[in-house]
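Here, residue 1 is the first one in the sequence, and each next residue gets the next number.
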Amino acid sequence: MEFTVKHSLPGRIRVCYDKQRITRRQAALAQSLLSVQEGMNSVSVNYITGSFLLYYDTELLSEKKIKAYFMALSDKYLGDVELLNSVEEPQEQDNLLFDLALMVLGHYAKLLLPPPLRLLMRVWSLGPRILRGMQHVAAGNLFKSEVLDAAAITMSLLTGDSKTASNINFLLNIGDTIEEFTKKKSYSDLADRLLSQNDQVQLVQGNTETTIRLSLLKKDDVVVVRTGGMIPADGDIIRGEGLVNQASITGEPLAVEKRAGLTVFAGTIVQEGELYIHVRAVGSQTKVQNILSMIDNSQQLKVSSQVRSERLADQLVKYNFLLSLTVFLCTRNITKVMATLMVDYSCAMKLAAPIAVLSAMKEASDYGILVKGGKFLEDVSCADTVVFDKTGTLTAAVPKLSRILAFGGRSEEDVLRTAACLEEHFAHPVANAIVHAAKERGIVHPEEHAKVDYIVAHGIASELNGKRLLIGSYHFVFEDEKAVLPDNFKDIKREAQAKGESLLYLAEEQQLAGIFAIHDPVRENAADIVQLLHESGIKDCTMITGDDEGAAKTAARLTKIDHYISQALPEDKVAYIKKQQKAGHKIIMIGDGINDAPALVAAETGIAMGDCAAITGDTADIVLNADDGLMGLYRTRLMGMRLMEKIETNNRGIVKVNTALMAAGLLGFVSPSLAAILHNASTILFCAKSARPLLEPAHAV
C-alpha cells in the first residue's frame with residue numbers, strides 16, 4: 001500500500017493514501033486490520049481526504065513499526081474478497097462546507113432567472129416551511145418555533161416583500177443544515193467511540209479454543225459463550241444449553257432457555273450454561289445496531305435540566321407572539337414585527353442541551369467510560385452516597401494465592417490441581433488467582449470432571465470420579481452444603497483475619513479437602529479517590545462484601561471507607577441500598593461481579609468496573625475503563641456536575657442574548673434578515689460551546 005506520513009507526534013500519526021488506487025471498502029479493511037495490532041489504541045479513516053489517524057502506545061509501537069504495517073497491506077490482504085466482504089461498505093460522509101456552498105449557489109442563482117420564474121421559485125421554496133407551521137397550528141401546537149418562522153415568512157409575503165421572505169427562509173435553512181450536521185456528527189462520533197475493536201471472544205476450532213478480538217470474527221465461525229458471557233454475534237446454537245437474558249433485544253425480563261437448533265442474538269447474555277454458536281452475521285455488524293439503539297434510548301433518558309430547557313423554550317414562544325402583537329398594535333411597523341418574530345429562545349435551548357449531553361457522553365467514551373444516557377450523568381452528580389463492592393472494585397482485581405492448607409492426607413499440589421480445574425471456567429478475580437497459582441507451579445489440570453455448575457455469590461459444584469466437589473465461600477460449603485468443619489478452624493480463621501486474607505474452601509463429599517488463603521491488595525489510589533469523592537460532595541462511602549471480617553476490615557482501613565459490611569449476600573447489598581434510599585439518600589453502586597448486578601439495578605446509578613462480568617456491564621448504567629480503575633468514577637462524577645452547570649449556564653446566556661436581539665429589533669436597530677442571521681449565529685455559537693470538553697486537558701484527572 002502506497003502511503004505518505006503527513007504528520008507525526010509521539011503516540012499520534014496521520015497517514016495519507018491515494019484515493020484513486022484504494023477504494024473505501026479497502027480503506028475500511030485496512031482500518032480493521034490496523035486496529036487489531038498490539039499497542040494500537042484507535043484508528044480512524046477519513047475517506048474524503050484519504051487519510052488515517054492513528055493513536056498508539058509508544059511503549060509497544062513506533063512510527064517505524066507503523067510504517068511497516070502499512071507496507072505489509074498489499075493486495076494479498078486488500079484484494080482478498082473474503083476479507084473485503086467481512087467489512088461494511090463505508091457510507092458517504094457528510095460534507096458541511098459542500099452542502100452550504102450548494103445552498104448559497106442555489107439561492108443566488110435564482111437572481112439570474114426572469115422575474116416571474118424567480119417569484120415562482122421563491123414561493124415554491126417557502127412552501128415547506130409555511131406548511132410545517134400550519135401543521136403545528138392544526139395540531140394545536142401554537143407555541144412552537146416553527147410557527148414563529150412561518151408567521152414571519154407569511155407576513156413578508158402578504159406585504160409583497162418576497163425578497164425578504166426568501167432571504168429569511170434561506171438563512172433559516174442554513175441554520176437548520178448546520179444544526180442537523182452538528183447533531184448527526186455528535187451521534188456519529190459517539191457511536192464510533194463505543195464500537196470497541198478490542199472485545200474478545202472464544203473461537204472454537206476443532207477441540208481447541210482460541211481467544212480472538214471481536215473484529216476478527218467471521219461468518220461461519222464457531223464460538224463458545226459460558227455463564228456470565230455476552231453473545232458476540234447473531235447465530236445458531238449447535239451444542240450446549242443454557243438460560244439467555246434477551247432483555248437488550250426483546251425486553252423480556254426473564255431469561256429464556258436455549259438449546260441446540262435455536263437462534264441467539266448479539267448483545268444478549270448467557271445467564272447460566274454453556275452455548276456453542278455458529279455465527280450467521282459478523283459480530284461487529286450486529287453490535288453496531290445495539291450501539292445505535294443504545295444511543296437512541298439514551299436520548300429518552302434525558303437529564304432533568306434538558307427537559308426543563310425544552311419546556312422553558314416552548315413556554316417562551318407565546319411571549320414572542322405577545323411581544324410581536326404588542327409591537328404591531330403600538331407601531332404598526334411590519335418590519336419591527338418581523339424582526340421580533342425572527343428571534344426565539346426555542347432553537348438554541350432545544351439544541352444546545354442535547355448536544356451538551358451527547359458531547360459529554362462522547363468525552364466520557366474518550367476516557368473509556370461508557371455512559372448509557374445523560375440522565376445517569378445527572379444522577380451521578382446528585383448522589384450523596386457511594387456503595388462499593390470490594391473484590392475487583394476497591395481491590396486491585398488481581399488477588400494472589402498466599403498459602404494453601406491441605407486436609408485428609410492430600411498434598412498442596414493435588415488440592416491446587418483440583419481447584420484450578422474447577423475455577424478455570426470462570427473469569428472471576430479469585431478464580432484467576434487459583435488458576436494463575438497452578439500455572440506458576442507448573443501444575444497441569446486436565447478436564448476430568450463433569451459439568452460445572454456456578455452458584456452465583458456462593459461457589460462452584462461439580463463431580464470427579466463419582467464424587468461431588470464444592471469450592472466457594474464459607475456460607476456455601478459449610479452452611480448450605482453441610483461440609484464438616486476442621487477442629488482447628490477457629491485458629492485458621494483468626495490467623496487469616498490478622499493477615500487480612502480471604503478464605504476459599506474446597507470440599508469433596510462434604511469433607512474439607514483444602515483451604516486457600518487469598519490476599520487481595522487494595523488499589524493504590526483507592527484512598528485518594530474516596531477523599532476526592534468526599535470533597536466533591538459525597539457524604540458517605542460504604543463497602544459491602546461477601547468476604548470475611550478480617551479481609552473486609554483491612555480493606556476498609558486502607559481505603560479510608562466510612563463504613564463496611566462483611567459476609568454479605570447479594571440480597572444484603574440490595575437491602576442496604578433500599579434502606580438508604582428510604583432515608584432520602586441518592587445512591588451510586590459500583591461493582592464488577594455477577595453478584596453485584598441486583599444492587600446495580602436497585603441504586604439510582606449502577607456503575608460497573610471495566611473488567612466486569614458481561615451481565616454486570618449490561619445491567620449497569622455506566623461502565624468504567626478497565627485500565628483507569630476507580631479514577632473513572634471520580635471523572636464521571638466531575639463530568640456530571642460540570643454538565644449540569646453547563647446546561648444551566650447556557651440557558652441563562654440564551655435568554656440574555658435573544659432578549660437583547662428582540663430589543664434591538666424592537667428599537668429598529670436590526671432588520672428581519674439581520675435578526676435571523678444574528679439569531680442563527682448565536683444558536684450555532686451556543687451549540688459550539690455545548691460541544692466543548694467538560695474536562696480541560698490541563699485539569700483532566
- Task: With side-chain contact (heavy atoms from CB on, under 4.5 Å) as the test, would you mind laying out the steps for Ile607 and Leu600 before giving the verdict?
- Result: CA-CA 7 Å; Ile607 299 181; Leu600 296 179; 5.6 Å; no

- Message: Using the salt bridge (charged side-chain N to carboxylate O under 4.0 Å, His left out) criterion, which residues pair with Asp621? Sequence neighbours excluded.
- Response: none

- Message: Checking Thr227 against Glu274 for the side-chain contact (heavy atoms from CB on, under 4.5 Å) test, could you report, in this order, the C-alpha distance in whole Å, the side-chain angles of both residues, the deciding distance, and whether it holds?
- Response: CA-CA 6 Å; Thr227 299; Glu274 179 181 71; over 6 Å; no

With a 4.5 Å heavy-atom cut-off, do [X] and [Y] have their side chains touching?
{"X": "Asp528", "Y": "Val530", "result": "no"}
{"X": "Ile231", "Y": "Val244", "result": "yes"}
{"X": "Val264", "Y": "Lys258", "result": "yes"}
{"X": "Phe516", "Y": "Leu503", "result": "no"}
{"X": "Leu569", "Y": "His475", "result": "yes"}
{"X": "Ile434", "Y": "Ile518", "result": "yes"}
{"X": "Leu624", "Y": "Tyr367", "result": "no"}
{"X": "Thr542", "Y": "Ile544", "result": "yes"}

Any donor-acceptor N or O pair under 3.5 Å, side chains [X], [Y]:
{"X": "Tyr634", "Y": "Ser536", "value": "no"}
{"X": "Glu501", "Y": "Ser402", "value": "yes"}
{"X": "His585", "Y": "Asp540", "value": "no"}

To the closest 0.5 Å, what do you measure between [atom1] ([X]) and [atom2] ([Y])?
{"X": "Leu694", "Y": "Met644", "atom1": "CG", "atom2": "CE", "value": "9.0 Å"}
{"X": "Arg642", "Y": "Thr649", "atom1": "CZ", "atom2": "OG1", "value": "12.5 Å"}
{"X": "Phe388", "Y": "Asp592", "atom1": "CZ", "atom2": "CG", "value": "13.0 Å"}
{"X": "Ile654", "Y": "Thr659", "atom1": "CD1", "atom2": "OG1", "value": "11.0 Å"}
{"X": "Asp384", "Y": "Leu533", "atom1": "CG", "atom2": "CG", "value": "12.0 Å"}
{"X": "Leu532", "Y": "Leu638", "atom1": "CG", "atom2": "CG", "value": "9.5 Å"}

Taking all non-hydrogen atoms of both residues, which atom of [X] and which atom of [Y] are closest, and how far apart?
{"X": "Val201", "Y": "Pro232", "value": "CG1-CB, 3.3 Å"}
{"X": "Ile538", "Y": "Ala383", "value": "CD1-O, 3.4 Å"}
{"X": "Ile587", "Y": "Gln581", "value": "CG1-CG, 3.9 Å"}
{"X": "Phe478", "Y": "Tyr505", "value": "CE1-CD2, 3.5 Å"}
{"X": "Gly632", "Y": "Ile369", "value": "O-CD1, 3.7 Å"}
{"X": "Asp562", "Y": "Cys541", "value": "OD2-N, 2.7 Å"}

- Greater than 12 external heavy atoms within 6.0 Å of Glu524's CD: no

- Over 12 non-hydrogen atoms of neighbours within 6.0 angstrom of NZ in Lys493: yes

- Task: For side chain to side chain donor-acceptor pair (under 3.5 Å), just list the numbers for Asn650 and Ser690, CA-CA rounded to whole Å, side-chain angles, deciding distance to a tenth of an Å, and then say yes or no.
- Result: CA-CA 8 Å; Asn650 276 351; Ser690 294; 2.8 Å; yes

- Item | Trace of the side-chain contact (heavy atoms from CB on, under 4.5 Å) decision for Leu243 with Val270 | CA-CA 6 Å; Leu243 295 175; Val270 178; over 6 Å; no

- Query: Are Lys573 and Asp389 ion-paired here, with the side-chain N under 4.0 Å from a carboxylate O?
  - Reply: yes

- Message: Please determine whether a side-chain nitrogen of the Lys or Arg among Glu604 and Lys586 lies less than 4.0 Å from a carboxylate oxygen of the Asp or Glu.
- Response: no

- Task: Run the numbers on Leu630 and Met609 for side-chain contact (heavy atoms from CB on, under 4.5 Å), then give the verdict.
- Result: CA-CA 8 Å; Leu630 288 173; Met609 300 297 289; 4.3 Å; yes

- Result of checking Val387, Thr636, Asp596, Leu633 against Ile590 for side chain to side chain contact (heavy atoms under 4.5 Å, CB included): Leu633

- Query: Counting only N and O atoms by type, is there a donor-acceptor contact under 3.5 Å from the side chain of Arg523 to the main-chain atoms of Thr395?
  - Reply: yes

- Message: For Ala356, is there any backbone N or O sitting under 3.5 Å from a side-chain donor or acceptor partner on Ser359?
- Response: no

- Item | Partner set under side-chain contact (heavy atoms from CB on, under 4.5 Å) for Ala552, not counting sequence neighbours | Met543, Thr545, Tyr564, Ser566

